[in-house]
*Asks:* 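Pasting a structure below so you can have a look.
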Amino acid sequence: AHATSVRAARETWANGCDGFLAFSTSDDPRIPAISLPHDGEESYSNMWQKVRSIWRFVGEHYAEDFDFFFIGGDDLFVLPGNLRIYLASLAPDEDHFVGRRFKGYGKDNYFNSGGAGYTLSRSLLKKFVSNLDNRSCNPERVTSMEDVMIAECIRNVLDISLTDTRDDRGRERFHPFSPGSHIGWRHPIPPKTDWYEDYNREWGLKLGADSMAPDSVSFHYIKKPAMTRHLHQLLYNCGDIATLK
């Protein structure tokens, strides 16, 4: 991934960030990428332990250097300028947990989509890292659902809820799919069901272009490095053709 998806991100949208680090299984100062040890095996099914190690490292080394901290996978496209503008309305020394809200199955299972990326304010980062080994934060759990785990910890231990990040017309800013997938998504025809509809049932979903705010922050499932570069060119080098910043 260093030579493909991570490199594409580093050469495009990551340049708009105030700081950027990739975490990997091997060090690579060219990106830069850092190899971090974590409990358990190296696998997607152990993502929670990997993310715990990342947040611990960031909290120990960078907590005083930035106001907000955004995390996402290597198949995510981010618009840092839009993220920066949105976060400017929030205070870093208050507790903010910012991303794409989902209500998963089960009681009180509210979380920010890991696929769309999410942000912790400096204040929340410090509190979360200080509670990483709290028994109520599932420190030994082996699961791929890191987004559910961190939300559960922040909700149950710190009593902090999610932020509604939609704009004043109800359009979302953080997106768990690619732009084309959001344009084309439609409600399933009964008796068929769809987890995406279920996870957004409490506040509803807009369709097509109305589902995406003009100042959108992130899009998931940008799998090919060529698509990362293509989106970057459309957004930043095509003048009035692009409407997102």
Side-chain angles (χ1 to χ4, degrees), residues 1-2 4-24 27-36 50-100 112-130 132 146-147 150 154 160 162-163 165 167 172-175 213-220 222 225 228-229 231-237 242-245:
H2 289 191
T4 54
S5 56
V6 178
R7 181 177 177 181
R10 190 69 184 92
E11 293 176 351
T12 56
W13 62 260
N15 287 322
C17 300
D18 295 323
F20 176 84
L21 274 178
F23 295 92
S24 179
D27 296 327
D28 189 338
R30 297 170 299 174
I31 294 175
I34 296 175
S35 174
L36 284 183
K50 297 168 72 172
V51 168
R52 288 180 71 250
S53 293
I54 290 172
W55 281 124
R56 191 188 302 276
F57 180 89
V58 170
E60 291 176 352
H61 295 279
Y62 294 101
E64 301 299 335
D65 294 341
F66 301 97
D67 292 337
F68 294 92
F69 302 82
F70 179 88
I71 189 171
D74 62 4
D75 58 352
L76 190 65
F77 187 92
V78 182
L79 291 87
N82 287 348
L83 177 59
R84 185 178 291 107
I85 291 170
Y86 176 77
L87 293 176
S89 65
L90 307 177
D93 292 320
E94 297 176 355
D95 298 322
H96 296 288
F97 186 27
V98 174
R100 175 60 183 271
N112 283 321
S113 164
Y118 55 84
T119 299
L120 306 185
S121 64
R122 179 172 55 228
S123 174
L124 180 53
L125 170 68
K126 292 178 179 178
K127 292 178 182 178
F128 171 61
V129 170
S130 69
L132 271 173
E146 56 85 16
D147 46 6
I150 186 172
I154 289 173
I160 296 167
L162 308 181
T163 300
T165 56
D167 70 5
E172 300 283 358
R173 289 185 167 95
F174 296 77
H175 304 289
D215 57 346
S216 285
V217 167
S218 65
F219 292 94
H220 189 206
I222 309 302
T228 297
R229 294 187 170 89
L231 282 173
H232 187 77
Q233 289 296 318
L234 287 175
L235 291 169
Y236 296 100
N237 295 314
T243 58
L244 300 177
K245 295 179 181 179

*Asks:* If every non-hydrogen atom of Val98 is compared with every non-hydrogen atom of Thr165, which pair is closest and at what distance?
*Replies:*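 What the structure gives for the nearest pair is CG1-CG2, 3.5 Å.
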*Asks:* Hey, what do you get for CG (Leu125) to OG (Ser123), rounding to the nearest 0.5 Å?
*Replies:*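 One finds 9.0 Å between CG of Leu125 and OG of Ser123.
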*Asks:* I need the Tyr86 OH to Leu79 CG distance, nearest 0.5 Å.
*Replies:*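 Separation between the atoms: 15.5 Å.
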*Asks:* Ring-plane angle category for Trp13 and Phe20, please: parallel below 30°, perpendicular beyond 60°, tilted otherwise.
*Replies:*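 Trp13 vs Phe20 ring planes: perpendicular.
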*Asks:* Less than 4.5 Å apart, side chain to side chain, heavy atoms only: is that true for Leu120 and Trp55?
*Replies:*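 Side chain of Leu120 against side chain of Trp55, heavy atoms only: contact under 4.5 Å found.
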*Asks:* Which value, rounded to the nearest 0.5 Å, describes the distance between His175 atom NE2 and Ile222 atom CD1?
*Replies:*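 Answer for the NE2-CD1 pair, His175 versus Ile222, is 11.0 Å.
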*Asks:* Using 4.0 Å as the upper bound for N to carboxylate O, is an ion pair formed by Lys50 and Glu146?
*Replies:*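 Salt bridge: no.
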*Asks:* From Glu64 CD over to Lys126 NZ, what is the distance, rounded to the nearest 0.5 angstrom?
*Replies:*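 So the CD of Glu64 and the NZ of Lys126 are separated by 3.5 Å.
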*Asks:* Side chains of Ile71 and Ile54: closer than 4.5 Å at any heavy-atom pair?
*Replies:*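 When only atoms from C-beta onward are counted, Ile54 and Ile71 do touch, with a gap below 4.5 Å.
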*Asks:* Over all heavy atoms of both residues, which pair between Leu76 and Ser218 is shortest? Give the atoms and the distance, please.
*Replies:*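 Closest approach of Leu76 to Ser218: CD1-CB, 4.1 Å.
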*Asks:* Would you please test Phe57 and Phe23 for ring-ring contact (aromatic ring centres under 6.0 Å, His included) and show each step?
*Replies:* CA-CA 10 Å; Phe57 180 89; Phe23 295 92; 5.8 Å; yes
*Asks:* Which heavy atom of Ser216 sits nearest to which heavy atom of Glu172, and what is that distance?
*Replies:*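 Here Ser216 and Glu172 meet closest at OG-O, 3.6 Å.
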*Asks:* With the side chain counted from C-beta on, respond yes when Leu231 and Phe219 share a heavy-atom pair under 4.5 Å apart, and no when they do not.
*Replies:*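 With C-beta onward as the side chain, the pair stays apart.
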*Asks:* Please report the closest heavy-atom contact between Pro80 and Gly16, naming both atoms and the distance.
*Replies:*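 Closest approach of Pro80 to Gly16: CB-O, 3.5 Å.
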*Asks:* The test is side-chain contact (heavy atoms from CB on, under 4.5 Å); show your working for Phe66 and Arg122 and say whether it passes.
*Replies:* CA-CA 7 Å; Phe66 301 97; Arg122 179 172 55 228; over 6 Å; no
*Asks:* Which pair of non-hydrogen atoms, one from Asn112 and one from Tyr118, has the smallest distance, and what is that distance?
*Replies:*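 Shortest heavy-atom separation between Asn112 and Tyr118 comes out as CB-CB, 3.9 Å.
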*Asks:* For the CD1 atom of Ile31 and the CG atom of Leu21, what is their distance to the nearest 0.5 Å?
*Replies:*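 So the gap between those two atoms works out to 10.5 Å.
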*Asks:* Take Leu87 and Thr119 through the side-chain contact (heavy atoms from CB on, under 4.5 Å) test and state the conclusion after the steps.
*Replies:* CA-CA 9 Å; Leu87 293 176; Thr119 299; 4.1 Å; yes
*Asks:* Going from CZ on Phe70 to CZ on Arg84, what distance comes out if it is rounded to the nearest 0.5 angstrom?
*Replies:*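 With rounding to 0.5 Å, CZ (Phe70) is 12.5 Å from CZ (Arg84).
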*Asks:* Please work out whether the ring planes of Tyr236 and His232 are parallel, tilted or perpendicular, with thresholds of 30° and 60°.
*Replies:*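 If you compare the ring of Tyr236 with that of His232, the planes turn out tilted.
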*Asks:* Which is it for Arg10 and Asn15 under the side-chain contact (heavy atoms from CB on, under 4.5 Å) test, yes or no, and what are the steps along the way?
*Replies:* CA-CA 6 Å; Arg10 190 69 184 92; Asn15 287 322; 3.1 Å; yes
*Asks:* Closest approach of Phe97 and Ile150, non-hydrogen atoms and distance?
*Replies:*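 Answer, listing the atom of Phe97 first, then Ile150: CZ-CG2, 4.2 Å.
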*Asks:* Taking Asp167 first and then Arg173, would you say they form a salt bridge - that is, a charged N and a carboxylate O separated by under 4.0 Å?
*Replies:*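 Answer for the salt bridge query: no.
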